[in-house]
Participant: 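Okay, handing you the structure first.
Just so you know, these numbers come straight off a predicted model, no measurement behind them. We're numbering straight along the sequence, starting at 1.
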Amino acid sequence: MKKIILCALMAATVMALTGCKKNEVKIAGDAVEALKQRGVFVLGLDDSFPPLGYRNDDNEIVGFDIDLGKEVAKRLGVEFKAQPIDWDAKEMELSTGKIDCIWNGFTITEERKKALSFTDAYLNNDQVVVVREDSGISTLSDMVGKTIGIQSGSSAQEAVNDNPDFAAGLAKTISFRDNVTAMNDLAIGGVDGIVMDSVVANNIINESKNPFKILPESLAKEGYGIGFRKNEPDLCNAVWNILKQMKEDGTVASISKKWFGKDITVIE
């Protein structure tokens, strides 16, 4: 009997420490109850990452991820708060309790999964290179001897590192606080190209009307997920299950169509 009880306790412990599972249906736990007691769901984001999360002309934080987060908070029965953070220190912002999750074009990587509880991917993305139309650059191989810009703390750097031939040919890499600033530098010729998320690149190009283009070759394919503290898989599960419910009832599709013209999400 003691062995049976011990095995049951060990199994329960393993389940509690496991990251977010896509088939988990439980929407309860200490982290969820603590969130409800606080009464507010704080989403950490880079507020210059359109169209997922950014400031509009009225200085309001809006975007695709923001609309999703607001609906999740509503279904959790709490208030919603979008909290801008230093993206280069996002994991520290989460660990110190300033935010409840990192949710803003946050790429799922094996390294990050070791430190965080992650949902499955809700949106797919590519790391691409953006250049000026008059640059004479048409392919990744044309970037040899050129200078690129990258947002500090983003997965763009990993994409470059994972393409050693491309990285070795570059003359210089410059870090920027955010992609909007990087694109402004590209416009004035400070850099020859920007490695960034295709979702954001397409949006900035369409909105700014600047003479930019995206090179056809992708440096990396990736998925966006939501990151939570490693010891709070129950909150991760709760949010993911609500997103799946929102997918089933058409809410996700409606929000996606608002921002992208169609449902581009990959929630199953």
Side-chain angles (χ1 to χ4, degrees), residues 43-56 61-72 82 84-85 87-88 90 101-109 112 118-131 140 148-160 162-163 176-187 193-210 212-227 240 243 246-247 251-268:
L43 180 154
L45 79 153
D46 166 11
D47 62 353
S48 57
F49 202 74
L52 303 183
Y54 66 102
R55 293 185 182 274
N56 63 16
I61 298 177
V62 298
F64 173 69
D65 284 345
I66 303 304
D67 284 354
L68 289 180
K70 285 181 177 179
E71 182 62 23
V72 166
I85 58 174
W87 197 250
D88 200 26
K90 53 191 172 296
C101 67
I102 303 169
W103 186 350
N104 189 218
F106 192 27
T107 301
I108 302 170
T109 68
R112 288 172 176 172
F118 255 110
T119 65
D120 287 346
Y122 64 93
L123 205 64
N124 286 333
N125 178 61
D126 289 273
Q127 287 295 331
V128 296
V129 178
V130 179
V131 299
L140 292 181
I148 62 165
I150 294 177
Q151 181 186 18
S152 181
S154 73
S155 57
Q157 185 63 65
E158 293 179 38
V160 172
D162 289 341
N163 289 269
F176 292 90
R177 177 180 173 81
D178 55 65
N179 285 311
V180 173
T181 304
M183 292 287 260
N184 289 337
D185 201 61
L186 176 64
I194 306 292
V195 179
M196 62 188 301
D197 304 62
S198 61
V199 172
V200 180
N202 279 300
N203 179 266
I204 292 178
I205 290 173
N206 291 334
E207 292 295 324
S208 70
K209 308 302 181 183
N210 280 326
F212 297 148
K213 65 180 181 179
I214 300 174
L215 299 185
E217 304 152 279
S218 169
L219 281 174
K221 293 185 178 299
E222 56 191 30
Y224 290 153
I226 310 164
W240 182 243
L243 282 173
M246 289 166 57
K247 179 73 172 184
T251 304
V252 166
S254 177
I255 294 173
S256 183
K257 288 174 183 176
K258 170 185 174 181
W259 292 101
F260 301 107
K262 59 182 179 180
D263 186 4
I264 64 171
T265 62
V266 294
I267 301 171
E268 297 182 2

Participant: Applying ring pair (Phe, Tyr, Trp, His ring centres under 6.0 Å), can you list everything that pairs with F106, at least two apart in sequence or on another chain?
Facilitator: W87, F118

Participant: Ignoring hydrogens and angles, tell me if any N or O in the side chain of E222 forms a donor-acceptor pair with the backbone of T107 under 3.5 Å.
Facilitator: no

Participant: A side-chain contact here means heavy atoms from C-beta on lying under 4.5 Å apart; do D67 and W259 qualify?
Facilitator: yes

Participant: Residues in side chain to side chain contact (heavy atoms under 4.5 Å, CB included) with T251, at least two apart?
Facilitator: E71, R75, M246, D249, I255

Participant: How long is the straight-line distance from NZ of K90 back to CZ of R112, given to the nearest 0.5 Å?
Facilitator: 4.5 Å

Participant: Nearest 0.5 Å, please: how far is CG in N104 from CG in L43?
Facilitator: 7.0 Å

Participant: Once rounded to the nearest 0.5 Å, what's the spacing between atom CE of M183 and atom CE of M196?
Facilitator: 4.5 Å

Participant: Return the minimal non-hydrogen interatomic distance between D65 and G105, and the atom names on each side.
Facilitator: OD2-N, 3.2 Å

Participant: If you take all heavy atoms of A201 and I214, which pair is closest and at what distance?
Facilitator: CB-CD1, 3.9 Å

Participant: Of the non-hydrogen atoms in I85 and G44, which two are nearest, and what is the gap between them?
Facilitator: CD1-C, 4.1 Å

Participant: How long is the span from the CG atom in N210 to the CD1 atom in I205, to the nearest 0.5 Å?
Facilitator: 9.0 Å

Participant: Quick check on side chain to side chain contact (heavy atoms under 4.5 Å, CB included): which of V128, V131, V130 does L215 satisfy it with?
Facilitator: V131

Participant: Who pairs with N206 by side chain to side chain donor-acceptor pair (under 3.5 Å), at least two apart in sequence or on another chain?
Facilitator: none

Participant: Name the one of S155, S218, S198 that satisfies side-chain hydrogen bond (donor to acceptor under 3.5 Å, both in side chains) with Q127?
Facilitator: S155

Participant: Name the one of D126, D197, D162 that satisfies salt bridge (Lys or Arg N to Asp or Glu O under 4.0 Å) with K221?
Facilitator: D126

Participant: Would you mind reporting whether P84 and D46 have side-chain heavy atoms less than 4.5 Å apart?
Facilitator: no

Participant: Specify the closest pair of heavy atoms between I66 and G53, including all atoms of both residues, with the distance to one decimal.
Facilitator: CG1-CA, 4.2 Å

Participant: If we only count heavy atoms from C-beta on, is the N203 to V199 side-chain gap below 4.5 Å?
Facilitator: no

Participant: Hey, does T265 have a side-chain heavy atom less than 4.5 Å from the side chain of F64?
Facilitator: yes

Participant: Check whether any side-chain heavy atom of D178 sits under 4.5 Å from a side-chain heavy atom of F49, and report yes or no.
Facilitator: no

Participant: Once you round to the nearest 0.5 Å, how far does CD of Q151 lie from OG1 of T181?
Facilitator: 9.0 Å

Participant: Within a strict 4.5 Å, meaning less than it, do heavy atoms of the W240 and I267 side chains meet?
Facilitator: yes

Participant: Starting at CH2 of W103, measure out to OG1 of T119 and round the result to the nearest 0.5 Å.
Facilitator: 8.0 Å

Participant: Contact between Y122 and V252 at the side-chain level, heavy atoms closer than 4.5 Å - yes or no?
Facilitator: no

Participant: Do I194 and F212 touch side chain to side chain, with heavy atoms closer than 4.5 Å?
Facilitator: no

Participant: Which heavy atom in A159 sits nearest to a heavy atom in A220, and how many Å separate them?
Facilitator: CB-CB, 3.9 Å

Participant: Is the number of heavy atoms from other residues, nucleotides or ligands within 6.0 Å of CZ (R177) greater than 12?
Facilitator: no

